[in-house]
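Everything below concerns the one structure shown next.
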Amino acid sequence: MNEIIENNKKKSEVLAEKLNELNYGDFISHDQIASVIEEDYGSNKYSSVIAKARKILLKKYNKAIENIPGDGYRVVAPDDFVKQSLKHYKRGFNEMQKGYDHLEYAPVENMSVEGRDTYMRVHDRAIILQASMQGVKAELKTLSGKRKHPFALENIQNN
């Protein structure tokens, strides 16, 4: 019997434990992962186990992995957690923008009275959310060191 069944643990827990044994910056290939979890690389089950193991690794061991496309995963160094976090936020912002665009280009003139009423309530809140998110994006870029705050002394010019 394999190690997973003998330990009576879920594959994702076994993988998270294996990943936790690695040091920051260490690499683990897809082949190595596939042998640990006994799932074929590229299968839905493989992806599912990886996703669950990532959550366990982060919440239980305070570690994260980043995908190295086509090769495997690398354990994220502590100083790179902010960079990883910003990637997730950016994806979220992009999805929110898509939702906002759907509202902006909706065929309001063809909606029923009830549909238009719902549209107006959601659209009004979406405008407020959109403005708030633009401020958050600017603030996150500033805090991440990618850009200096617009009110920083070095950015204020005397004319």
Side-chain angles (χ1 to χ4, degrees), residues 10-13 15-20 22-30 33-34 37 39 41-157:
K10 294 181 179 178
K11 293 178 180 188
S12 55
E13 292 171 343
L15 180 58
E17 288 173 1
K18 175 77 172 166
L19 294 170
N20 185 47
L22 301 175
N23 295 316
Y24 298 117
D26 284 354
F27 173 82
I28 185 167
S29 71
H30 288 300
I33 293 171
I37 64 174
E39 296 292 342
Y41 167 62
S43 70
N44 287 339
K45 185 68 175 168
Y46 180 93
S47 298
S48 177
V49 171
I50 293 285
K52 290 174 186 173
R54 288 179 109 153
K55 288 179 184 178
I56 295 168
L57 187 65
L58 182 63
K59 293 178 180 180
K60 188 172 181 180
Y61 302 110
N62 299 332
K63 284 188 174 181
I65 54 173
E66 63 180 334
N67 187 18
I68 309 300
D71 293 331
Y73 291 88
R74 180 180 15 251
V75 180
V76 175
D79 288 350
D80 292 333
F81 267 64
V82 170
K83 182 177 136 189
Q84 291 296 314
S85 174
L86 290 173
K87 283 182 184 178
H88 291 290
Y89 279 118
K90 184 172 179 171
R91 277 196 298 265
F93 290 144
N94 290 342
E95 286 300 311
M96 290 179 69
Q97 182 62 47
K98 289 177 189 176
Y100 183 78
D101 289 346
H102 269 78
L103 285 174
E104 279 300 295
Y105 298 104
V108 180
E109 65 279 356
N110 296 332
M111 291 181 182
S112 66
V113 173
E114 297 83 19
R116 197 175 5 258
D117 181 53
T118 301
Y119 167 83
M120 292 304 294
R121 283 185 280 130
V122 171
H123 187 261
D124 290 349
R125 284 156 183 82
I127 290 172
I128 294 167
L129 180 60
Q130 177 77 359
S132 176
M133 296 312 297
Q134 291 302 321
V136 168
K137 274 172 80 171
E139 191 67 20
L140 285 175
K141 283 181 182 177
T142 300
L143 292 172
S144 70
K146 288 186 177 181
R147 171 168 74 177
K148 296 290 184 201
H149 196 281
F151 292 133
L153 288 176
E154 61 269 17
N155 292 332
I156 298 174
Q157 298 179 8

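Quick caveat: nothing in here was measured; it's all calculated off a predicted structure. Residue numbers run from 1 in the order of the sequence given.
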Report yes if some heavy atom in the side chain of [X] is under 4.5 Å from a heavy atom in the side chain of [Y]; otherwise report no.
| X | Y | result |
| --- | --- | --- |
| Y46 | I33 | yes |
| Y73 | H30 | yes |
| K52 | K10 | no |
| N23 | V75 | no |
| H123 | E104 | yes |
| V136 | F93 | yes |

Can F27 and L22 be said to form a side-chain contact (heavy atoms from CB on, under 4.5 Å), step by step?
CA-CA 8 Å; F27 173 82; L22 301 175; over 6 Å; no
Closest approach of [X] to [Y] (non-hydrogen atoms, all atoms of both residues):
| X | Y | value |
| --- | --- | --- |
| R125 | R121 | NH1-O, 2.9 Å |
| K63 | N20 | NZ-O, 2.8 Å |
| A53 | A16 | O-CB, 3.9 Å |
| L58 | F81 | CD1-CE2, 3.8 Å |
| R116 | V108 | NH1-O, 2.9 Å |

Of the options L15, L19, I65, V49, which is the one that meets R54 in a side chain to side chain contact (heavy atoms under 4.5 Å, CB included)?
I65
As an exercise, state the distance from [atom1] of [X] to [atom2] of [Y], rounded to the nearest 0.5 Å.
| X | Y | atom1 | atom2 | value |
| --- | --- | --- | --- | --- |
| S112 | E114 | OG | CD | 4.5 Å |
| M133 | Y89 | CE | OH | 9.0 Å |
| I28 | R74 | CD1 | CZ | 13.5 Å |
| M111 | D117 | CE | CG | 11.0 Å |
| S12 | E17 | OG | CD | 10.0 Å |
| L129 | Y100 | CG | OH | 10.0 Å |

May I ask you to check whether over 12 heavy atoms, not counting those of D79, lie within 6.0 Å of atom CG?
no
Do other residues, nucleotides or ligands put more than 12 heavy atoms under 6.0 Å from the CG atom of N110?
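More than 12 within 6.0 Å, yes.
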With side-chain contact (heavy atoms from CB on, under 4.5 Å) as the criterion, how do Q130 and Q97 come out once you've worked through the C-alpha distance, each side chain's angles and the decisive distance to 0.1 Å?
CA-CA 8 Å; Q130 177 77 359; Q97 182 62 47; 2.8 Å; yes
So, Y119 side chain and L103 main chain: donor-acceptor pair closer than 3.5 Å or not?
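Here the side-chain-to-backbone pair exists.
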